[in-house]
**Student:** 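Handing you a structure now.
A note on names: the letters A, B, ... follow the listed sequences, proteins ahead of strands, and every chain is numbered from 1. For clarity, every value in this text was computed on a predicted model and none was experimentally measured.
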Amino acid sequence: MPKPQQPKELPKAYDPTAYEDRIYAAWEKSGAFKPASDGRKRADKDRRPYTIIMPPPNVTDRLHCGHAVMLALEDALIRYHRKRGFDTLYLPGTDHAAIATASMVDKQLAKEGKGRHDLGRKKFEERTMRYALENKRTIEEQVRAMGTSCDWSRNAFTMDEPRRGAVQEAFRRLYKKGLIYRGSYMVNWCPVCRTVLADDEVEHQEQEGVLYHLAYGPFTVATTRPETMVGDTAVAVHPKDKRYKEFVGKTVEVPMISGVRKIKVVADDAVDPEYGTGAVKVTPFHDRTDYAIGGRHKLDAPEVIGEDGTMTAAAGKALAGLDRFEARKKLVAWLKRKKLLKKEELMKHSVGRCYRSDDVIEPRISDQWFVKVSDIKEQAIRFAEDGDLKFVPERFGKTYRQWLENLHDWCISRQIWFGHPVPAFVNDKGDVSLTKKAGYKPSEDTLDTWFSSALWPFSTMGWPKQIADFKRFFPNDVLETGYDIIFFWITRMVLMTAALDVKDEKTGQLKPPFHTAYLHGLVRDARGRKFSKSLGNGVDPLEMIGKYGTDALRWMLATSTSPGGDLKFDEDRLVKSRNFANKLWNISRFITGTVEGEADLKLLRAETLTTFDRGILHKLYRTAQTVEAAFHDPAAYDKPGDVPTESRPRQLAKPYDLGFAGNALYEFVWSDFADWYLEIAKVQLRNPETAQNTAIILKYALETVLGLLHPFVPFVTEAVWQDGLRKREPLITSPWPVVHEDLDQPEDADRFDRIREVIETIRRIRAEHRTPAKSFVQAYLVADGSAWLAEAGDAINKLARLSMLRVGQHPPKEEAATAVVGDVTVVVPLAGLTSETAAQRLQAEMERAKMDIERLKGRLANKDYVENAPKHIVTETEAKLREAEAALAKLESRQG
RNA sequence: GGGCUCGUAGCUCAGUUGGCUAGAGCGCUUGAUUGACGUUCAAGAGGUCACAGGUUCGAAUCCUGUCGAGCCCACCA
């Protein structure tokens, strides 16, 4: 670690730019990012592994805020587990994103007035790869800037050599198992990308369209796509439909733009006789339902719309060469002229669009490669049912399941020029060979980019070779990503693990590739809109880092959301986060500048510990418990010998609810520690009786808090740890602070809070009566057994600005404001107070007490309540009633 | 058509298995401050928990319905 040649005192405000790069470089150089088991120490090999693979960002572009959330959450999990003694592997990587990247280059070329065919396949591939690698480098810089503690020595790319090998091997194995097949089927075709797409790559949108009702021989049929009529080969009706019985099996004549055509009439169950006229035109080549009907009735299937979206020669002279939408216009005009158009009806219907180019998808018949999912999807569903695969939040388990249940075979071939080639050979007849043979040519198709992503949990570990990483780190632990790619990615990884039978080497069992899928939401702008290029509302995380620091960004992203919830990107919150880092910095500045010595609780002198000392330690203990509950997933370690920690945390936050943990930390650090204990400590440090203990506790609490916060805000905590506290071992690899249970003393925390309320009450009274802030006032406190109050006298004096405090003494009756805080009566005589206003105030307090008493009495008078409510609730009510009655009595005794 | 969220303070949201007088931050109002921090501190105002029923001793929380917002899936011409 770089030893600072800073002046003794830390600068007034925390300046992230002065630390971040330097600290990151030092971390990386020290080997902290690598798994401990990479080293030579025998003991490190016995640590339980904890693995997260980074969802590889697409090399299409720079990182956006969604990636930043992902990195903030994952790195927090990793840093926690690293400090907790796990053998952590956080494996970084990037995805070549075949179709997305290719379409970026397509767009570049379009600007130059060229198309990919002008370049040719080889040049296009080279150019795309160049583009990809450039972005890859940028992304890696950004991942570093986020403070991500991933192991760069294992950095992976879906198109590097090891991954290439894994992809080819996976394909071959699946083909041999019969899980990959090739055939001619109805697929989704994008005319702009000139490739087939998987079902989930098609985005369905409701949009306004026209339903054309056409005279069709003796029938009337309706269609939103009249241009397809030139590809029609049948009219279908329901078998039981009496209206059309006479036509079934016959041929009718239908006038077409290219002349009269003979069309078969078929009966098929797929037709709904209730809908429209009950007669449907059938275009087997260009419609899914019609394709099925065509198959059942052995219909011809002429291709009338080509791969580029223009009408083919088969469409007839009048339309050939026209784009499909132009053709539609022309055909509609013709229909009108011939009076064949009976009706035009506006209607909403769903249109499929390409998720990359946004062009309208054309269903068509095509030779493609498919993964057969019927068998493996059962296994994938079983993983979730058996509890081997959990979802956070749980509801996404349902989404996962439903999607799998409805899953059709997965089309994995693409006709784009960037990506993994299909490692197989095909002859003219469509026969397939995995090896080169006479008469067979290498397939020109590439693989769906999600095919390589689906292998990511094990292709990054060296699979198919059984090397050490694979044995040690697979299956992974948590897969953290956005819920929007459950279908694209999460399900595919599970399917591929099952399909390839990738077993856990340690147990020999087949398990999902990770035990938990932890999903975060979408990042939206401050007004709740999706980030989009067209709106121009995107936020560049790097810009925010420059403005507020990495810690501020990480803190904001990791703590202002609960799992699965969308997150609004609000710059005001970022300001707050930066302020929090600065607060922490200044707390440290005060402590390191004021206090010397060790943070060793064993050096405490128990006899002179104050309520505040014990109270703050208790609050610290609770905070640590909460944080651990959020990071520690008990279900994940329920395997023998896996838990390296001494205590299983109580359930104070739900696992993975880092937002909850963050709030607890924020509350403790700012409110309990800085606003109260630190102010009290200033008093205690001046008293030789308490100074020593206070110093120890300040140091201890600071060190502990730095540890607890480190997963969220790694830079500022490390900066303070090293430059403020002068620690030798860096915080990143220092053990997680263990807060022992003997600090769990709730009574002291309660008294702490009671004193706090007393001080707040005095402040309130001062403010009510417009007592100048500079002035000092007097106060009397009366309570049973008030030694603890008396002991706190100095602190109360300071924080409530008192010139005189009497504890336990009978206070004077006149011209004083009275309040009751629990069992403490607070009396503040004020110079400007008349006996009248004092009485008014007293009256109001009494009213409140009376109302409390009435309400509580009423509740206890209800037999059903007393009998049915749990006992502790009832005793609580009774205690409250007693307290309220005591309060009223005290107030009454104050009455003249 | 099927599924999933969500309606709580002016704004953004917490609110764990039903149980104190429903919380926080921002914003707003008032005030403070020469030693950790103005990237600060103190005090205050502000809510019929969307609406209507039901279950219960007790509902923001559970159930049903209504209204409103959003998301995902689906080959109906």
**Student:** The criterion is side chain to side chain contact (heavy atoms under 4.5 Å, CB included); which residues satisfy it with A:Asp199, sequence neighbours excluded?
**Tutor:**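 If we apply the side chain to side chain contact (heavy atoms under 4.5 Å, CB included) test to A:Asp199, skipping adjacent residues, the hits are A:Asn188, A:Arg288, A:His408.
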**Student:** Between B:U66 and B:C4, how far is it from one P atom to the other, in whole Å?
**Tutor:**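 Roughly 16 Å separates the two P atoms.
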**Student:** Whole-Å distance between B:C37 P and A:Asn582 CG?
**Tutor:**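 After rounding, the reported distance stands at 10 Å.
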**Student:** If I pick the P atom on B:G31 and the same atom on B:G15, what distance separates them, to the nearest angstrom?
**Tutor:**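 Straight-line distance between the two P atoms is 37 Å.
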**Student:** How would nucleotides 7-12 of chain B be written as a contact map, 5' to 3', with B for base contact, S for sugar-phosphate-only contact and - for no contact, using protein heavy atoms under 4.0 Å?
**Tutor:** -----S
**Student:** What's A:Pro870 touching, base or sugar-phosphate or nothing? Going by heavy atoms closer than 4.0 Å.
**Tutor:**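 A:Pro870: base contact, heavy atoms under 4.0 Å.
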**Student:** Over 60° means perpendicular and under 30° means parallel, so tell me whether A:Tyr677 and A:Phe673 are parallel, tilted or perpendicular.
**Tutor:**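 Taking A:Phe673 first and then A:Tyr677, their aromatic rings lie parallel (interplane angle under 30°).
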**Student:** B:A36 and B:U40: how far apart are their C1' atoms, nearest whole angstrom?
**Tutor:**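 Between the two C1' atoms, the distance is 10 Å.
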**Student:** Nearest to the side chain of A:Ala869 - B:G31, B:G19, B:C37?
**Tutor:**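 Among B:G31, B:G19, B:C37, the one nearest the side chain of A:Ala869 is B:G19.
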**Student:** Base, sugar-phosphate alone, or nothing: which one does A:Arg770 contact when heavy atoms must sit under 4.0 Å apart?
**Tutor:**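 Sugar-phosphate, no base atom in range.
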**Student:** Could you go step by step and tell me if A:Thr694 and A:Val683 meet the side chain to side chain contact (heavy atoms under 4.5 Å, CB included) rule?
**Tutor:** CA-CA 10 Å; A:Thr694 306; A:Val683 177; over 6 Å; no
**Student:** Which part of the nucleic acid, if any, lies within reach of A:Arg766 when heavy atoms closer than 4.0 Å are counted: base, sugar-phosphate only, or nothing?
**Tutor:**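 The residue A:Arg766 makes no contact with any strand.
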**Student:** Just to confirm, is there a sub-4.0 Å distance from OP1 or OP2 of B:C57 to any side-chain nitrogen or oxygen of A:Asn868?
**Tutor:**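 The answer is yes; a side-chain N or O of A:Asn868 sits under 4.0 Å from OP1 or OP2.
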**Student:** Rounded to whole Å, how long is the line connecting atom CD1 of A:Ile759 with atom C1' of B:A42?
**Tutor:**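 A:Ile759 atom CD1 is separated from B:A42 atom C1' by 12 Å.
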**Student:** Would you please confirm or rule out a distance under 4.0 Å between OP1 or OP2 of B:A36 and any side-chain N or O of A:Lys682?
**Tutor:**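 So the side-chain polar atoms of A:Lys682 do come within 4.0 Å of the phosphate oxygens OP1 or OP2 of B:A36, strictly under.
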**Student:** Do A:Tyr656 and A:Asp633 have side-chain atoms, one donor and one acceptor, less than 3.5 Å apart?
**Tutor:**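 Yes, a side-chain donor-acceptor pair sits under 3.5 Å.
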**Student:** At under 4.0 Å between heavy atoms, what does A:Leu678 touch on the DNA or RNA strands: base, sugar-phosphate, or nothing?
**Tutor:**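 Counting heavy atoms under 4.0 Å across all strands, the contact made by A:Leu678 includes a base.
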**Student:** Any side-chain donor paired with an acceptor under 3.5 Å for A:Glu201 and A:Tyr355?
**Tutor:**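 Their side chains do contain a donor-acceptor pair, which is all the 3.5 Å distance test asks for.
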**Student:** Side chain of A:Ala13, heavy atoms from C-beta onward: which of B:U39, B:G31, B:A36 has the nearest atom to it?
**Tutor:**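 Given the options B:U39, B:G31, B:A36, the side chain of A:Ala13 is closest to B:U39.
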**Student:** Nearest to the side chain of A:Arg578 - B:G19, B:U39, B:A32?
**Tutor:**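 Closest of the options to the side chain of A:Arg578: B:U39.
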**Student:** Starting at CZ of A:Arg756, measure out to CG of A:Asp672 and round the result to the nearest 0.5 Å.
**Tutor:**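 The CG atom of A:Asp672 is 5.0 Å from CZ of A:Arg756, to the nearest 0.5 Å.
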**Student:** In whole Å, measure the gap between the P atoms of B:G18 and B:A59 for me.
**Tutor:**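 Result for the P pair: 13 Å, nearest Å.
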**Student:** Cation-pi check for A:Phe590 against A:Lys682: NZ or CZ below 6.0 Å from the six-membered ring centre and within 45 degrees of the axis, yes or no?
**Tutor:**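 So A:Lys682 does make the cation-pi contact.
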**Student:** When you measure only distances, ignoring hydrogens and angles, does the side chain of A:Lys583 come within 3.5 Å of the base of B:C37 through a donor and an acceptor?
**Tutor:**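 By the distance-only test, yes, there is a pair.
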**Student:** Taking atom P in both B:G47 and B:A9, compute the distance separating them and give it to the nearest angstrom.
**Tutor:**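 Roughly 10 Å separates the two P atoms.
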**Student:** Using distance alone, with no hydrogens and no angle criterion, decide if A:Asp409 and A:Tyr185 have a side-chain donor and acceptor under 3.5 Å apart.
**Tutor:**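 On atom types as modelled, these side chains do not qualify, holding no pair under 3.5 Å.
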**Student:** Would you mind reading off the distance between A:Glu679 atom CD and B:C41 atom P, rounded to a whole angstrom?
**Tutor:**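 So the two atoms are 9 Å apart, to the nearest Å.
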**Student:** Can you tell me how far P in B:C11 sits from the matching atom in B:C73, rounded to whole Å?
**Tutor:**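 Pairwise P distance, B:C11 against B:C73, rounds to 31 Å.
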**Student:** Does a nitrogen or oxygen in the side chain of A:Lys576 sit under 4.0 Å from OP1 or OP2 of B:G25?
**Tutor:**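 Indeed not, no polar side-chain atom of A:Lys576 lies that close.
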**Student:** By the definition ring-ring contact (aromatic ring centres under 6.0 Å, His included), identify the one residue from A:Tyr400, A:Trp410, A:Trp403 that meets it with A:Phe487.
**Tutor:**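 That would be A:Trp403; it is the only one of A:Tyr400, A:Trp410, A:Trp403 passing the ring-ring contact (aromatic ring centres under 6.0 Å, His included) with A:Phe487.
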**Student:** Please give me every residue in residues 662-677 of chain A whose heavy atoms get under 4.0 Å of an atom in RNA chain B, ordered by residue number.
**Tutor:**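 Within residues 662-677 of chain A, the residues near RNA chain B are A:Trp670, A:Ala674, A:Asp675.
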**Student:** How far apart are the C-alpha atoms of A:Val187 and A:Ser366, what are their side-chain angles, what is the distance that settles it, and do they pass the side chain to side chain contact (heavy atoms under 4.5 Å, CB included) test?
**Tutor:** CA-CA 7 Å; A:Val187 294; A:Ser366 177; 3.7 Å; yes
**Student:** What is the nucleic acid contact for A:Lys398, judged by heavy atoms within less than 4.0 Å: base, sugar-phosphate only, or nothing?
**Tutor:**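 Sugar-phosphate contact only.
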**Student:** Per the atom types in the model, does the base of B:C20 pair as donor or acceptor with the side chain of A:Lys880 at under 3.5 Å?
**Tutor:**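 It does, because a donor-acceptor pair links the side chain of A:Lys880 to the base of B:C20 below 3.5 Å.
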**Student:** Mind checking whether A:Tyr14 and A:Trp585 have parallel, tilted or perpendicular rings, split at 30° and 60°?
**Tutor:**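 The rings of A:Tyr14 and A:Trp585 sit tilted, inter-plane angle from 30° to 60°.
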**Student:** With respect to the phosphate group of B:G58, does any side-chain polar atom (N or O) of A:Arg859 fall under 4.0 Å of OP1 or OP2?
**Tutor:**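 No, because none of the side-chain N or O atoms of A:Arg859 sits under 4.0 Å from OP1 or OP2 of B:G58.
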**Student:** Can you tell which of B:A43, B:U16, B:C57 lies closest to the side chain of A:Glu760?
**Tutor:**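 Among the listed nucleotides, the one closest to the side chain of A:Glu760 is B:A43.
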**Student:** Nearest whole angstrom, please: distance from the P of B:U40 to the CZ of A:Arg589.
**Tutor:**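 About 14 Å, once rounded to whole Å.
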**Student:** Pick the P atom in B:G58 and in B:C20, then give their distance to the nearest Å.
**Tutor:**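 Per the computed distance, 15 Å lies between those P atoms.
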**Student:** Mapping A:Ala767 and A:Gln402 to their closest nucleotides on RNA chain B, which lands nearer the 5' end?
**Tutor:**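 Residue closer to the 5' terminus by nearest nucleotide: A:Gln402.
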**Student:** State which residues pass ring-ring contact (aromatic ring centres under 6.0 Å, His included) with A:Tyr244; sequence neighbours excluded, sorted by chain then number.
**Tutor:**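 Partners of A:Tyr244 under the ring-ring contact (aromatic ring centres under 6.0 Å, His included) test: A:Phe219.
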**Student:** Please, what dot-bracket string fits RNA chain B when only Watson-Crick and G-U pairs with both distances under 3.5 Å count, crossing ones use [ ] and pairs to another strand use |?
**Tutor:** (((((((..((((.....[...)))).(((((.......))))).....(((((..]....))))))))))))....
**Student:** Measure CD/A:Glu757 against P/B:A43 and give the value in whole Å, please.
**Tutor:**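 In whole Å, B:A43 P lies 12 Å from A:Glu757 CD.
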**Student:** Would you mind reading off the distance between A:Arg801 atom CZ and B:A43 atom C1', rounded to a whole angstrom?
**Tutor:**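 Roughly 15 Å, once rounded to whole Å.
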**Student:** Honestly, is A:Lys583 close enough over A:Trp555, meaning NZ or CZ under 6.0 Å from the six-membered ring centre and within 45° of the axis?
**Tutor:**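 A:Lys583 over A:Trp555 ring: no.
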**Student:** Could you run down nucleotides 69-77 of chain B 5' to 3' and tag each one B, S or - for protein heavy-atom contact under 4.0 Å?
**Tutor:** ---SSSBBB
**Student:** Just checking A:Arg395: base, sugar-phosphate only, or nothing, at a heavy-atom cut-off of under 4.0 Å?
**Tutor:**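 Sugar-phosphate contact only - A:Arg395 comes under 4.0 Å of backbone atoms but never of a base.
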**Student:** Write down the distance between CD1 (A:Ile873) and P (B:G19), rounded to a whole number of angstrom.
**Tutor:**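 Value for this atom pair: 8 Å.
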**Student:** Just checking, is any N or O donor in the side chain of A:Tyr483 or A:Thr399 under 3.5 Å from an acceptor N or O on the other one?
**Tutor:**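 Result is no, nothing qualifies.
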**Student:** To the nearest Å, how far apart are A:Lys871 NZ and B:G19 P?
**Tutor:**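 Those two atoms, NZ and P, are 21 Å apart.
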**Student:** Regarding A:Glu867, tell me which of base, sugar-phosphate or nothing describes its non-hydrogen contacts under 4.0 Å with the strands shown.
**Tutor:**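 A:Glu867: no heavy atom of the nucleic acid under 4.0 Å.
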**Student:** Search all heavy atoms of A:Ile765 against all heavy atoms of A:Ala819 and return the closest pair with its distance.
**Tutor:**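 Closest pair (atom of A:Ile765, atom of A:Ala819, distance): CD1-CB, 4.5 Å.
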**Student:** Pick the closest RNA chain B nucleotide for A:Ile587 and for A:Asp572 by heavy atoms, then say which residue is nearer the 5' end.
**Tutor:**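 Closest to the 5' end, via its nearest nucleotide, is A:Asp572.
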**Student:** Under 4.5 Å between any side-chain heavy atoms of A:Thr233 and A:Asp290, yes or no?
**Tutor:**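 No, too far: nothing below the 4.5 Å cut-off.
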**Student:** If we take the C1' atom in both B:G7 and B:U48, what is their distance in whole Å?
**Tutor:**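 15 Å, rounded to whole Å.
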**Student:** Side chains of A:Lys281 and A:Thr228: do they bring a donor and an acceptor to under 3.5 Å?
**Tutor:**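 Their side chains do contain a donor-acceptor pair, which is all the 3.5 Å distance test asks for.
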**Student:** Would you check if there is a donor-acceptor pair between the side chains of A:Asn586 and A:Arg589 at a distance under 3.5 Å?
**Tutor:**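 Short answer, yes.
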